[in-house]
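The sequence lines fix the lettering, A, B, ..., with proteins before strands; numbering per chain opens at 1. Any value given below was found using the heavy atoms of this structure, including those in side chains, with hydrogens, waters and symmetry copies removed.
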Amino acid sequence: MRDLLALQNLPAQDIRDILDLSQNLGEILDRPIKKLPTLRGKAIVNLFFEPSTRTRNSFELAAKYLGADVINVQKSGSSVEKGETLWDTATNLRQMGIDAAIIRHQVSGVPEQLAGVLDVPVINAGDGSHEHPTQGLLDVLTLRQAKGDVGQLKVAIVGDVLHSRVARSDIWAMRALGAQVVLIGPASLLPESYRELGVEVTTDLREGLAGVDAVQVLRLQKERQSGGEIPSQWEYRARWGLTAESLGWAKPDAVVLHPGPQNRGVEIDSDILDSERALVRQQVRNGVAVRMAVLFRLLGGAHDEQ
Amino acid sequence: MKNIALLLDSDAIRRALMRIAHEIVERNHGLDGVSLVGIRRRGVPLAKRVAANIALIEGAAPPTGVLDIGLYRDDREQRPFSAIDATSLNPGLINGRVVVLVDDVLFTGRTVRAAMDAVSDFGRPQAIQLAVLIDRGHRELPIRADYVGKNVPTARAEQVRVELEEVDGADQVYLERASEGDES
C-alpha cells in the first residue's frame, strides 16, 4: 500500500488490518508522553483546500504523536491564491523534502491525480463528494468497538447521501466487512443507482430505521447544495431528522454516529447527541487512532515495491 | 534438513522460571515497588509465569504490563512493514518502581534498548532490570541481563527457537542451524 486514496476496491483484509492497528495504537492518546520516535525525521504536509477543523487537526496530532513533523498549507494566504497550480505547490514541497502529503480538496479525484505527480504517499482527507477514507475507517472502528462484528450489523445512513463523501466511504467499508446498509433521505439527495452497490434505498425514515443496529446521521451540507433539493430545514427535520421519536423506530440498543460538524436541531436533536447512545466522542478519538494507523502503515516500513 | 538441538525441555523451563522468581525477590528484598513488563510476544506469558511464581514465594504477585516495542524499532526503514500488537502500560506501573523487563531471548540487545525507551515514555522508573529465558550472546549494544534462565553460546547464523504453551502449544527451547536454502 503506497497511498490511501479511497476505500472502494480496498480489500476487506486491508481494512481489517488498519482497524486492528488503530485499536492497538489508540492507547497512545492516554500516555503521559505522547511523542513516539516511530516517524521521527519524517515531514508531512497537510494540504487543505477546504475549511476543516477536526480532520486537519486530527491528522496533525496523529502525525505528531508518532514523532513526525507537520506543516500546513491552506488555500488562503498561500501561493495558490497567486495562481500557482496545486501540482507546482506540491512539487515544490517535495523538493523541500516532505515524505507524505495529506490532501483535502473540493474537487473529486484530485488526491488520485496528486499521487500520480508525487513519488511519496498521498492520503485523501476528503475530495469533493467522492470519498473520505479515514472517516469511513473510523466509523467502522467505532461500530466494531460498540457492537462487535460489523458483518452482523444493519446500519442506516440518513441524509444528504448524494453530496456525501462520508456516505460513500462508509458504504465501501461497511459492505467490505459484510454489514447490511440502508440509505435514507429525500429523493432529490438519494441516488437510486446506489442500489447497484448492494444497499437498500428508501425515502421513508420509519421504514428505513426498522431493525437497524446503528444510525449514521449525515450533516445537511448547505454549502454543497445548488438549491431546491430540500424545501426547508424545518421540513427536513420533520421528515428525516433524528429525534427521540424517530430513533425509537430503530432497535432499542441502536447506536448513533455523526461525522460532524453537527447542525443541532436540524438533522439530529441535541438530546440524542448528548445521550449515551451517541458515539460522536468515540468517533473523534478513533479518528486520531485511525490516522496514526494509516500514517504508520504508509511510512512505518521500507518502501513497498510498486 | 535442519540440525536441531534441544536446549531446554518443559521441566528445565519451569525450574529456570522459578529460580528467576527467587532471584528477583532476593535482589529487590521482596516485591515492594516491583513491576514486571513482558515484551511481546513470548515475554508476555513468561512475565505472567514469573509473577505467578513470585506469588507462590511471597504470597502476592507483582503487577504486570505488556509492551510491544514495534513503534520503537531502529530498523523499520530496512524492513517491510509489520503491524504491532497492543501495549498495556500505565504510569502507576512505572513511576518510581523497579521495572523488570521480561523477554524470551537476549541477542543483539536492540529489543531491550527499544523497550527501555518505551518504558520511559510512561514514566520514570527507579530502576530497570532485565530477565530473559535465554542469553545467546552477540550483543550490539552495552546491555546485559540481570536474570538469565540459561546462557547459550551460539553462532550468529544459528536460531534459538523458544516455544511456549500459551503461544505454541508446548514448552521447549531448541537451537536450530538452517541449512543452505532454508528461509530463516
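- B/Ile84 has its side chain within reach of A/Leu21: a pair of non-hydrogen atoms, C-beta onward, lies under 4.5 Å apart.
- Counting only distance, with no hydrogens or angles, the side chain of B/Arg76 and the backbone of A/Gly301 share no donor-acceptor pair below 3.5 Å.
- No part of A/Leu298 comes within reach of chain B, as not one of its non-hydrogen atoms sits under 4.5 angstrom from that chain.
- Under a cut-off of 6.0 angstrom, the local environment of CD in B/Glu26 is sparse, with at most 12 non-hydrogen atoms contributed by other residues, nucleotides or ligands.
- Contact record, B/Asp121 with A/Pro32: O-CG, 3.6 Å, taken as the closest heavy-atom pair.
- Under a cut-off of 6.0 angstrom, the local environment of NZ in A/Lys34 is crowded, with over 12 non-hydrogen atoms contributed by other residues, nucleotides or ligands.
- Only the backbone of B/Ser120 comes within contact range of chain A, judged by heavy atoms closer than 4.5 Å.
- The local environment of CZ in B/Arg14 is crowded, with over 12 non-hydrogen atoms from other residues, nucleotides or ligands closer than 6.0 Å.
- Within 6.0 Å of CD in B/Glu163 there are more than 12 heavy atoms belonging to other residues, nucleotides or ligands.
- For the pair B/Leu71/A/Leu25, a side-chain contact is recorded, criterion being any heavy-atom separation below 4.5 Å from C-beta on.
- In this structure, the portion of B/Gln78 lying under 4.5 Å from any heavy atom of chain A is its backbone and not its side chain.
- Within 6.0 Å of CZ on B/Arg124 lie no more than 12 heavy atoms contributed by other residues, nucleotides or ligands.
- At most 12 heavy atoms of other shown residues, nucleotides or ligands fall within 6.0 angstrom of atom CZ in A/Arg281.
- The nearest pair of heavy atoms linking A/Phe296 to B/Phe81 is O-CE1, 3.4 Å.
- In this structure, A/Ala302 and B/Glu77 approach most closely via the heavy-atom pair CB-O, 3.4 Å.
- Stacking of A/Arg31 on the aromatic ring of B/Phe122 is not recorded, the 6.0 Å distance cut-off and the 45° axial limit not both being met.
- Counting heavy atoms of neighbouring residues, nucleotides and ligands inside a 6.0 Å radius, atom CG of A/Asp253 exceeds 12 of them.
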